[in-house]
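Below is one structure, written out as structure tokens; comments come after it.
What you see is a predicted model, and the numbers here were worked out from it, not measured in a lab. We name chains A, B, ... by the order of the sequence lines, and we start the count at 1 in each one.
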Amino acid sequence: QTKEQFFPVLVYRTGAYAPNGVPFANGYVDYLKLVNARGGINGVKVSFEECETGYATDRGVECYERLKGKNGGATVFQPLSTGITFALTEKAPGDKIPLITAGYGRSESADGGVFKWNFPLAGTYWVAGDVIVQDIAKKLGGADKLKGKHIALVYHDSPFGKEAIPILQERAAMHGFKLSLLPVTHPGVEQKSTWLQIRQSRPDYVVNWGWGVMNSTLLKEAQATGYPREKIYGVWWAGAEPDVKDVGMGAKGYNAITMQHGTEKGSAIVKEVLAKLHAKNQGTGPKDEVGEVLYMRGLFSAMFAVEGVRQAQEKYGKGKVMTGEQARWGYENLNLTQPKLDALGFKGVLRPVSTSCADHMGANWARIHTWNGSKWEFSSDWYQADEQIIKPMVKAAADKYAAEKKITRRTPADCQS
Amino acid sequence: MFYRENGQFKTSYRADQQIFAIAQDRWAILALIAFAFVGVPFLVDEYMFRAILIPFLILSLAALGVNILVGYCGQISLGSGAFMAVGAYMAYNTYIRIEGMPLIIALLAGGFFATLVGVFFGIPSLRVKGLYLAVATLAAQFFCDWAFLRIGWFTNNNASGSVSVSNLNVLGWSIDTPLQKYLFCLAFLVVFGLLAKNLVRSAIGREWMAIRDMDVAAAVIGIRPVYAKLTAFAVSSFIVGVAGALWGFVHLGSWEPAAFSIDRSFQLLFMVIIGGMGSIMGSFFGAAFIVILPIFLNQFLPAVGDMVGVSISTATVSHTEFMIFGALIVWFLIVEPHGLAKLWSVAKQKLRLWPFPH
Amino acid sequence: MSEKNIVLNVNGIEVIYNHVILVLKGVSLQVPEQGIVALLGGNGAGKTTTLRAISNLLKGERGEVTKGSIELRGERIENLSPADLVNRGVVQVMEGRHCFAHLTIEENLMTGSYTRTDKGEIAANLEKVYNYFPRLKTRRTSQAAYTSGGEQQMCAIGRALMTNPSVVLLDEPSMGLAPQIVEEVFNIVKDLNEKEKVTFLIAEQNTNMALKYADYGYIMESGRIVMDGAAEDLRTNEDVKEFYLGMGGGERKSFKDVKSYKRRKRWLA
Amino acid sequence: MAFFLEALLGGLMAGMLYALVALGFVLIFKASGVFNFAQGAMVLFAALAMARFSEWVPGWLGIEDKFLGNVIAFALSAVVMFALAWLIERLVLRHLVNQEGVTLLMATLGITYFLDGLGQTIFGSDIYKIDVGMPKDPVFLLDSVFPGGVLVNLEDVYAACIAALLVVVLSLFFQKTSTGRALRAVADDHQAAQSIGIPLNRIWVIVWFVAGITALVAGIIWGSKMGVQFSLTTVALRALPVIILGGLTSVPGAIIGGLIIGVGEKLSEVYLGPYVGGGIEIWFAYVLALVFLLFRPQGLFGEKIIDRV
Amino acid sequence: MTKKIGDVILDVKNISLRFGGVKALTDISFNVREHEVRAIIGPNGAGKSSMLNCINGVYQPQEGSITFRGQKFDHMNSRQVAEMGIARTFQNLALFKGMSVIDNIMTGRNLRIKSNLFMQALRIGPAQREEEEHREFVEHIIDFLEIQAFRKTPVGQLPYGLQKRVDLGRALAMEPQVLLLDEPMAGMNMEEKQDMCRFILDVNDEFGSTIVLIEHDMGVVMDISDRVVVLDYGKKIGDGTPEEVRNNEEVISAYLGTSH
Ligand SMILES: Nc1ncnc2c1ncn2[C@@H]1O[C@H](COP(=O)(O)OP(=O)(O)OP(=O)(O)O)[C@@H](O)[C@H]1O
Ligand SMILES: Nc1ncnc2c1ncn2[C@@H]1O[C@H](COP(=O)(O)OP(=O)(O)OP(=O)(O)O)[C@@H](O)[C@H]1O
Ligand SMILES: [Mg+2]
Ligand SMILES: [Mg+2]
């Protein structure tokens, strides 16, 4: 009997956020196909099934319920929406299924002592916020130059958008810059008054915490108001091709953070996908989008999911199908060193990620890329988020959560299991 | 042949005023309720409970509430999502801010606050009617969306604006497994269903319907429009509020304002219209249609695709799902504009005549 | 009546509402060219339904003709649209007025000329209607909803006349009209019939009036035609006299003295 | 002061854009008594058609000229909207003669779902571009009076002019033609309209076609501003307070309502928003409309609601 | 026939009502005595229905007053009017279309229902008992009007004539002291009119209600009314017994015509 490792795939290929959801989903699925083409995880083939959430929480929950028990049980879920993440965070422990939220989700879930089942691998929003401020400081010529400056945060008015606020407030207090908060209502097409306000208060920088159509609208409004695009920074969900494509030259100079990876179209992994899948007509989605920002993000999110299982097999038996609970151990003990990543084809795309019981994030590096009118180009070096600032924030928030939920922190013994 | 009321003579008005005047109906309903409590738990797996039955029960309850306002009192409202949100957030606050607050009281408190808000936003109904009112109630929707996002107190100052509850229990029984949750919601639905049915067939229900059908004439026979409309808003938002609290507490566990967005308001209204305005039964039909059909299509279409040997992409499935869903709505309306409940009663009427039509 | 041409021939139609309520159970009737035919009968007998079946307005009431046929000058018309019928000269004045509430009286009348294209003809028609109903002229700029019941009735009839019809189906034209106006309406009917050769099929409760002006009458009871005959014959029929004209036993009885209201008609017994 | 002017102008321009969408609602409501929930979906559908045709046409016909390409794409989209109107009449409205408003409203909801699915199936669900040569960069007026000048978007000005033109044409159509009168008659009473020979079928095709063209124009303008993607449907929600404020049945009402709402929400967001945390404009628009309704239940220019016994 | 006609119960004084430029009523005064059948006649658009609407508080006259049992009102409030025991039927049927016949008539009892919302929701003792009592009363009316067979039919589906009866039934359920009837016999044939007359006279005799009746059928008016008011273009042009009115020149030329 050949059993397969089952990966449920929550996607949104329809609705308001589809332009961003589709490339991510394509990358995710392509990687899983690639794993099989490479012979599986130590011989264990993977299977997967998509479920359309439309970015709506209740549909996401339904998908989760539908897929969690299928095909021998789900290995891991990647909710791909902050709202769904919040809902599943409550459910996953009961079902013993881990959640990976690579680059999104709740920032405090980096604390594995409280959030046993959540894995915001490779960075959280707090990391992103922190790095953006670092880059601004660097451009200004030092953190002390931030004093008296004015940064406006334009954010998607949802848990996703609000995640950025605490870290920016923390930094604002630290450096003495003024932070103004400008919420934009879902889905984000109505920003005229936001930009009137920006024109009135003329902030030195605008940080865009948007998603989907909000990003392109924001850039168009910036153009229409004459606000310099070079002074705008986007979060990593606001820095992909669909966000700028139809603005074209109008978005030239716009910066966005990119966590860990780049759009290396020439990287080994992209070539492999093209050769092993798209050349044989087994690829998902259009060929020329392979290697774009969101596609790559889907690709390595899937890679994390798979590598966790490989890690778990080290402990629970090579060539066996892992349960969710076993996979969780794998995610908690990831050790993706640079050679390992390079071997997987991620050379020049990813930096090492290694997790532990205390740290479910595994890495906190990011850099900035800039839209040159037709493609994204790196414009900064790697930054590391400031542990000194973020660690205490994570701990405080996680403790608050634990108190509310009456969860006791995991003991070192528990961490071993 | 068998579905007849022949020979069932009513000897008192009480008998004639029973909820289901025909004995077969009475037994069928009792059997159905008994089955729902006792039979279903043995037949159904966890997915069915969590993804289909529990949402169905809770949204039926909400649709019931909306039906009182829209179907019985004729006040079209698009603010139901907001009233659900008020129920959920206020139940949450009652639950976490008051030490040892029993769950049921917290849920009812959610309903109570929803009532207050509902009555407040019902005040324009005294002057504004029909579609104008419908759009005016959107003010409630957008205002509440905003308030819950923006006013920290409601979310216990959670940075993300999302709240969650856990470890629910009623009098020491924990409400944890899907089965327990199902039974809990079912109990709520049965109780509220009965109370609502009683209301709509009592004096107050007749006042609502009178206002709906011909408000000037209603005023002339002494019905106060103010009282009738506001009680309808009150009762409706209470039920909707409780449903909202259940949705947050029992179904989602953790939620943000988007869970009660304008889409939810529309969804509830559609349930009522598709199910049948002014029919308690219709609320259930409508909820079933709107909750279950998309899920069904979503799983059924790929299966069909597999059968004919093409694999359908997720996007195509959900586009097709949209199209079929839309087409079915139109088709049902053409077959029976007064909703599924009416279709049901016409079918019963035919059955009553069968096998000798006319 | 076979000597005259039959314009409208209804042949054994059955009508069902909502797929379950059988209302007409085989109704047949004929309307001769240039005739005035009255359709009489109690409440709920099915008069309105018959007229709706002819003018094809049943669909909106969720009713359908399930048996029988309807012919207009030899052409089957069951599948035509109401607009086609108006183009062929058949127009119905609906029971209960149905004026366009938000339009003024004059606009209401003008909608009646939708099928007419000749400007001069429309103006002439309007003038004609105002001549017949001077009261409408004085209220021409009021919204129809704010006119009295009687004014609305006149408006509805006038609107139908604006289509230049050759066959008019009148449903209870006298309802709610003052006696003088009723008289007037029937005179207008007579006028149109004689001068402009318009054929009428009139559903009426005011039997007295209807039989005075009609040539021929049908009496309906619960979905069936129970009696028909020339108007004079009906007027002198004992049952008709007693039940429809209130003159049982010859003399008109005072309404005050009609004692029992639980009588049964002989033909139903 | 300059800022106030900017906010005011911004509001007026936004208002015109809302009005453009609102018009579609008003048209169908006024002419057939149907509250057309599908208006948003129609805007998206039309915009998608336009965006894709203008992309495809040069390939199909080998036309280089952008203007000509756009004109052909527009014509093709108009044909699509006509086909849509015709199908809607055939398959839906025809079977719902004489039904109540809610039933029809619900049917338009079914149409909404259908169009959402169909549009994305045929035309795709990515972000597309409509480029009809609208200027994107701002101009500054009155430089001499205010420091920095008053910022105006030419794109908005063009859009507002087109909206105004459309309104004038439509108002004339309703007031002056016999079809216009017939349309209003149909809205009041389907059956009575039928009974005097107004062909409902044709009327409905006309109305939906006109609404389709309005949707197309709205879709082009909004689409060229924001890109064509699914969220375009939500502009319908912004148009709702406009129509109730202006009156469901009034074409000029849609414009005036649009302007009031546009200005009201922008000024409120800019001047009140900062004190309460921002993001108030959408509910402010609705509350503003609601307050107006309390004084005039039929909206500013709507037909009086008739209550008679 | 000895009917004891009592004192003035309803006194209408100098009522004027305008709608924009339209003068619906100009300076109308008349009174109604207890137990009498008082008819209002006049050509279409004369203002008869508007007069009833003023009494009911649906319209508010610009001038004049209405006195009911010695209590004077500048304008009436619908709820008060109902509580005082004035009931009414409508010219253009204003039934509650979606409700069954029983429910329609039961609404007429609503003023008398004491139990509150919670009792009704639970249907505990008193609420249930009350419901039954009223139901019994309504059944009497249903028997009286002979509409037993349609008890549970939605009124929208009934033919016109029966709807008129239900309308009357709803008014009767209020056990009114004064019953205002707006063309109760329109659209009925002779037999049905006779039945309706019988109902009206029986209500008048048995329930002792005072009746104000608008009707176009002169036969009916002349036969059953005690006194008649004649309106024309919003003005009163005649008032008196049927005989007096019938011979009034002005009335003949404005309304009756020569044929009567
Ligand atoms: N839309 C409908 N749905 C169901 N039943 C209907 C409908 N319209 C009429 N009926 C039924 O059909 C029967 C005949 O009605 P119709 O209106 O034809 O009678 P009528 O002779 O015109 O009566 P009246 O003189 O009262 O107008 C009645 O019993 C009525 O209840
Ligand atoms: N709400 C209103 N707004 C404007 N005008 C009105 C209103 N109600 C009544 N009228 C006008 O007042 C006049 C009197 O109307 P009313 O309905 O009282 O007449 P009526 O005597 O009952 O006539 P009928 O016998 O035809 O029913 C009419 O000309 C009518 O158009
Ligand atoms: Mg009839
Ligand atoms: Mg009247």
message: Please give me the minimum heavy-atom distance between C:Gly60 and D:Gln99, naming the atom from each residue.
response: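 For C:Gly60 versus D:Gln99, the nearest heavy atoms are O-NE2, 4.1 Å.
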
task: Please name the pair of heavy atoms, one in D:Gln194 and one in C:Leu57, separated by the smallest distance, quoted to 0.1 Å.
output: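 D:Gln194 and C:Leu57 have their closest heavy atoms at OE1-CD2, 3.5 Å.
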
- prompt: Side chain, backbone, both or neither: which part of D:Ala193 has a heavy atom under 4.5 Å from chain C?
  reply: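 For D:Ala193, heavy atoms of backbone and side chain both lie under 4.5 Å from chain C.
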
task: Taking side-chain contact (heavy atoms from CB on, under 4.5 Å) as the test, write out the residues that go with D:Phe209, two or more places apart.
output: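 Expected list: D:Phe82, D:Ala85, D:Ile213.
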
message: Taking side-chain contact (heavy atoms from CB on, under 4.5 Å) as the definition, give me every residue that meets it alongside C:Glu61, ordered by chain and number, with sequence neighbours left out.
response: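 C:Tyr17, C:Arg52, D:Asn98, D:Gln191.
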
- prompt: Heavy-atom distance under 4.5 Å to chain D: side chain of C:Met94, backbone, both or neither?
  reply: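 Contact with chain D: side chain only.
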
- request: Could you have a look at C:Ser55, C:Gly112, C:Pro82 and say which one has the most heavy-atom pairs with chain D under 4.5 angstrom?
  value: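 Top option by heavy-atom pairs under 4.5 Å: C:Pro82.
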
- prompt: Which residue out of C:Thr115, C:Val91, C:Thr163, C:Leu103 racks up the most heavy-atom pairs below 4.5 Å with chain D?
  reply: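 Counting heavy-atom pairs under 4.5 Å, the top option is C:Leu103.
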
query: Got a donor-acceptor contact below 3.5 angstrom from the D:Asp189 side chain to the C:Phe100 backbone?
result: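 No: the side chain of D:Asp189 does not pair with the backbone of C:Phe100.
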
Calculate, to the nearest 0.5 Å, the distance between atoms [atom1] and [atom2] belonging to [X] and [Y] respectively.
X	Y	atom1	atom2	result
C:Glu107	D:Arg184	CD	CZ	4.5 Å
D:Lys30	C:His102	NZ	NE2	10.0 Å
D:Ser195	C:Leu51	OG	CG	11.5 Å

- prompt: Where along residues 198-208 of chain D does a heavy atom come under 4.5 Å of chain C, listed by residue number?
  reply: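 Against chain C, the residues of residues 198-208 of chain D that fall inside the cut-off (heavy atoms, under 4.5 Å) are D:Ile198, D:Pro199, D:Arg202, D:Ile203.
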
task: Report yes if some heavy atom in the side chain of D:Ile196 is under 4.5 Å from a heavy atom in the side chain of C:Thr111; otherwise report no.
output: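 Yes, side chains in contact.
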
task: Could I get the full list of side-chain hydrogen bond (donor to acceptor under 3.5 Å, both in side chains) partners for C:Ser81, not counting sequence neighbours?
output: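 Listed in chain order: C:Asp84.
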
- request: Would you please test D:Arg181 and C:Met110 for side-chain contact (heavy atoms from CB on, under 4.5 Å) and show each step?
  value: CA-CA 8 Å; D:Arg181 194 164 46 224; C:Met110 289 302 286; 3.4 Å; yes

